[in-house]
Structures are given as structure tokens and as C-alpha cells.
Amino acid sequence: IVSGGIEATVDEMYLRDAVRGRGLPSEILHSLATSLKANGVKSLHMNVQNCDPSEKAELSRAAFMQSSQSERMTRRL
């Protein structure tokens, strides 16, 4: 997905076991996307080469789509 303009990439996210299962990744990605969009960023990429299928499904629910590069997913802002 090519959108032109400024792009941002999240290389990896790590959550401590104590805070897993609370929906924090979706909340974090939504807040990040909102802030980036307000500052002129056109797309947000998330590297997913080490993600399991449930993590990729969560990214899909957060409006990320599989990119032409299989190791990342992209959300247009």
C-alpha cells in the first residue's frame, strides 16, 4: 500500500505479561495513529514477521491491511 507522504513504522511492541489481555495494543495503536495523523503522517506500518495469527487478527481489527510486503501490515491515516 503506497499512500505518498510521510510514513511511520512500528518495528515491534512488547507488553509485560502482567498487562497482557487488556486490549492495550489496540488502544496504543489507535492513539498513535490519531497523533501521527494530526501531524501529517499518511500511513502507519507495523512489522509483523514475528507475529502469531492472533496478533495479526488484532491488527486487522485495528484497520491494518496486509501490505504488498508480507512482513508488514499498513494502516492508512
Side-chain angles (χ1 to χ4, degrees):
I1 300 172
V2 177
S3 60
I6 301 170
E7 300 179 348
T9 300
V10 175
D11 189 44
E12 61 183 322
M13 287 178 57
Y14 176 78
L15 295 175
R16 293 178 289 128
D17 289 336
V19 297
R20 290 179 189 270
R22 298 182 188 176
L24 290 176
S26 295
E27 191 174 322
I28 290 166
L29 290 171
H30 175 72
S31 294
L32 179 61
T34 300
S35 179
L36 291 172
K37 182 177 181 178
N39 286 284
V41 176
K42 300 297 183 187
S43 60
L44 174 59
H45 308 289
M46 180 77 182
N47 290 333
V48 294
Q49 66 262 27
N50 296 322
C51 289
D52 62 43
S54 66
E55 293 167 331
K56 287 182 181 180
E58 186 167 344
L59 287 169
S60 292
R61 287 190 296 275
F64 281 81
M65 296 181 294
Q66 189 67 50
S67 178
S68 60
Q69 298 179 13
S70 61
E71 71 271 0
R72 74 179 188 177
M73 294 178 77
T74 299
R75 177 177 173 173
R76 285 190 172 186
L77 307 177

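- Of the residues listed (R72, M13, R75), the one engaging M46 in a side-chain contact (heavy atoms from CB on, under 4.5 Å) is M13, and it is the only one.
- Under the side chain to side chain donor-acceptor pair (under 3.5 Å) criterion, the residue pairs touching residues 24-38 are S26-E58, with sequence neighbours excluded.
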TODO: I would like to know whether I6 and N39 meet side chain to side chain contact (heavy atoms under 4.5 Å, CB included); could you show each step before the answer?
DONE: CA-CA 10 Å; I6 301 170; N39 286 284; over 6 Å; no
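- Annotation for F64 and L44: closest pair CE2-O, 3.5 Å, computed over non-hydrogen atoms.
- When all heavy atoms of K56 and V48 are compared, the pair lying nearest together is CE-O, 3.6 Å.
- In plain terms, the two heavy atoms of S43 and T74 that are nearest each other are CB-CG2, 4.0 Å.
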Open item on the list: Test side chain to side chain contact (heavy atoms under 4.5 Å, CB included) on Q49 and N47; report intermediate values, then the result.
Closed with: CA-CA 6 Å; Q49 66 262 27; N47 290 333; 3.5 Å; yes
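- Atom CE of residue M73 and atom CE of residue M65 lie 9.0 Å apart, to the nearest 0.5 angstrom.
- Summarising the geometry of L36 relative to A8, their closest heavy-atom pair is CD1-CB, 3.8 Å, with the distance given to 0.1 Å.
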